[in-house]
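Take a look at this one; I'll ask things after.
Indexing begins at 1, ligand by ligand and atom by atom, following the structure's order.
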Amino acid sequence: MISILTTERLIVRRFTSADTSAFHAYRDDPDVAHWQGWDAPFAFSEAERLVAEFATSAVFEPGTWTQFAIQLCDVPDLIGDIGVRMEAEELTAELGFTIAREHWGNGYGREALSAMVQLLLDDIALDRVVAFTHHENIASIASLHAAGLAPIAVDGDDLVYYRGRSGSPRPRLPQ
Ligand SMILES: CC(C)(COP(=O)(O)OP(=O)(O)OC[C@H]1O[C@@H](n2cnc3c(N)ncnc32)[C@H](O)[C@@H]1OP(=O)(O)O)[C@@H](O)C(=O)NCCC(=O)NCCS
């Protein structure tokens, strides 16, 4: 297992092929897909293709998403994922995150997101992190606030959230 970070209850790690069924299950869940950029039903073959890609892709390559698996410390099964997209020209990362519905409401989203924000700002020393979320996505908005991000702009139906290292300039807003 290639771990990226650990929290009190969670391990954030690289994906492996063993994650495919659990990944497919929450991608195929309409209540999860509703807030995300994919449609349910979600093909199992597409889940297989993506997990294989996530397991082998370069980590934090500028301009591309790196998706990390989230599991409980004492159970190896996938419970969700967190994605990081490094900007090519700025010390900025965009974040995206998903927790499988049966694990919602336990604080896992908030815990994983907060730890990733800390890693990116404190350890990797990025200037800022941003996230886009639908303005009605209460759980996502609460998770972002809990991780110290604040809303700075509206982008269509989305709110743009931001947190920077102290003293770093605000991000360029979407055009
Ligand atoms: C957003 C998501 C990751 C949150 O995961 P989670 O593990 O259930 O979140 P947590 O248990 O850490 O809760 C985080 C906050 O949301 C609140 N919350 C969770 N579910 C909620 C719900 N259904 N309604 C209202 N608030 C909710 C919690 O009370 C908590 O707020 P607090 O920190 O003020 O106590 C999860 O709901 C999800 O995967 N949704 C679908 C995908 C998505 O929307 N991703 C984000 C897009 S950027």
Side-chain angles (χ1 to χ4, degrees), residues 4-15 19-43 46-47 50-51 54 60 63-87 92-121 126 128-164 170-171 173-174:
I4 304 300
L5 60 84
T6 56
T7 68
E8 198 180 328
R9 298 179 297 168
L10 304 174
I11 297 173
V12 177
R13 57 168 173 78
R14 297 306 306 269
F15 269 83
D19 297 320
T20 305
S21 292
F23 177 73
H24 174 255
Y26 63 74
R27 283 254 163 168
D28 198 38
D29 181 341
D31 287 343
V32 174
H34 177 71
W35 298 112
Q36 297 284 32
W38 68 80
D39 294 321
F42 194 85
E46 182 61 0
L50 285 173
V51 167
F54 298 163
F60 295 151
T64 64
W65 284 96
T66 309
Q67 296 285 350
F68 298 109
I70 303 172
Q71 67 163 80
L72 302 180
C73 285
D74 49 358
V75 185
D77 301 347
L78 181 76
I79 67 158
D81 58 67
I82 184 161
V84 180
R85 189 180 68 82
M86 296 288 185
E87 294 282 345
T92 300
E94 181 182 345
L95 299 167
F97 49 104
T98 299
I99 297 289
R101 187 153 48 98
E102 62 269 31
H103 294 287
W104 285 1
N106 294 314
Y108 297 143
R110 185 182 50 203
E111 192 167 320
L113 189 64
S114 298
M116 183 59 80
V117 168
Q118 195 177 349
L119 175 83
L120 294 169
L121 294 182
L126 295 187
R128 60 194 82 85
V129 293
V130 297
F132 293 74
T133 192
H134 194 279
H135 67 276
E136 293 172 340
N137 192 347
I138 296 167
S140 174
I141 288 169
S143 301
L144 290 163
H145 278 285
L149 283 81
I152 54 163
V154 177
D155 181 28
D157 285 339
D158 284 346
L159 300 174
V160 185
Y161 274 76
Y162 159 84
R163 177 174 164 185
R170 282 190 164 200
L173 297 178

- atom 22 (C) of ligand 1: which protein heavy atom is closest, and how many Å away?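 Ranked first by proximity to atom 22 (C) of ligand 1 is Ala139 CB, 4.2 Å.
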- Item | Where ligand 1 meets Gly109 - atom numbers and elements under 4.0 angstrom, heavy-atom basis | 5 (O), 6 (P), 7 (O), 9 (O), 12 (O)
- Query: Atom CG of Leu149 and atom CD1 of Ile141: how far apart are they, to the nearest 0.5 Å?
  - Reply: 12.0 Å
- Identify which of His134, His145, Arg110 has a heavy atom lying nearest to atom 12 (O) of ligand 1. Arg110
- How are the rings of Phe15 and Phe23 set to each other: parallel, tilted or perpendicular (split at 30° and 60°)? perpendicular
- Taking atom 4 (C) of ligand 1 as the reference point, the nearest protein heavy atom with its distance: Ser143 OG, 3.7 Å
- Query: For the atom pair CD (Glu94) and CH2 (Trp65), what is the distance rounded to the nearest 0.5 Å?
  - Reply: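 Glu94 CD to Trp65 CH2: 4.0 Å, rounded to 0.5 Å.
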- Sub-4.0 Å protein heavy atom next to atom 20 (N) of ligand 1: yes
- What protein heavy atom sits nearest atom 39 (O) of ligand 1, and how far away is it? Ile99 N, 2.8 Å
- Around atom 46 (C) of ligand 1, find the nearest protein heavy atom and jot down its residue, atom name and distance.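 Going by distance alone, atom 46 (C) of ligand 1 is nearest to Phe97 O, 3.2 Å.
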- Message: I need the minimum non-hydrogen distance between Leu95 and Ala131, along with the two atoms involved.
- Response: O-CB, 3.7 Å
- May I ask you to check if ligand 1 and Gly96 share an N or O to N or O distance below 3.5 Å?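 Between Gly96 and ligand 1 (N or O atoms, distance only) the closest approach is not under 3.5 Å.
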- Against heavy atoms of Asn106, which atoms of ligand 1 measure under 4.0 Å? 11 (O)
- Query: Taking the minimum heavy-atom distance to atom 41 (C) of ligand 1, which of Tyr108, Trp104, Phe132 ranks first?
  - Reply: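 Looking at heavy atoms only, Trp104 sits closest to atom 41 (C) of ligand 1.
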- Note on the structure: Nearest non-hydrogen protein atom to atom 34 (O) of ligand 1, with distance, is Ala142 CB, 4.4 Å
- Distance col, row Ile70:CD1 vs Tyr108:OH, nearest 0.5 angstrom, shows 11.5 Å
- Task: Could you establish whether Gly105 and ligand 1 come within less than 4.0 Å of each other, counting only heavy atoms on the residue side?
- Result: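 True for this residue.
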- Item | Reported CD-to-OG1 distance for the pair Gln118 and Thr7, which is rounded to 0.5 angstrom |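 If we round to the nearest 0.5 Å, Gln118:CD and Thr7:OG1 are 10.5 Å apart.
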- Message: Tell me whether atom 32 (P) of ligand 1 lies less than 4.0 Å from at least one protein heavy-atom position.
- Response: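 Yes, at least one protein heavy atom sits under 4.0 Å from atom 32 (P) of ligand 1.
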- Message: Could you check whether any heavy atom of Ala131 sits closer than 4.0 Å to an atom of ligand 1, since that is the contact criterion I want to use?
- Response: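 No; Ala131 lies far enough from ligand 1 that no heavy-atom distance drops under 4.0 Å.
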- Atom pair CZ (Arg9) and CD1 (Ile79), whose distance is rounded to the nearest 0.5 Å: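 Output value for this atom pair is 8.5 Å.
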- Query: Ile82 and side chain to side chain contact (heavy atoms under 4.5 Å, CB included): which partner among Ile4, Val12, Leu5, Thr98?
  - Reply: Val12
- Message: Tell me whether Gln36 has any N or O atom under 3.5 angstrom from an N or O of ligand 1.
- Response: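 Yes; the residue has a nitrogen or oxygen that sits under 3.5 Å from a nitrogen or oxygen of the ligand.
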- Note on the structure: Here the atoms of ligand 1 under 4.0 Å from any heavy atom belonging to Thr98 are 39 (O)
- Message: Please list the nearest protein heavy atom to atom 11 (O) of ligand 1 with its residue and the distance rounded to 0.1 Å.
- Response: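 Here the nearest protein heavy atom works out to Gly107 N, 2.7 Å.
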- Compare Leu159, Ile70, Asn137 and give the one whose heavy atom is closest to atom 44 (O) of ligand 1.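 Closest candidate by heavy-atom distance is Asn137.
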- Item | CG-CD1 distance between Leu78 and Ile99, expressed to the nearest 0.5 angstrom |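 Spacing of CG (Leu78) from CD1 (Ile99) equals 9.0 Å.
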- Task: Under 4.0 Å from a heavy atom of Ile138: give me the atoms of ligand 1 that qualify, with their elements.
- Result: 25 (C), 26 (N)
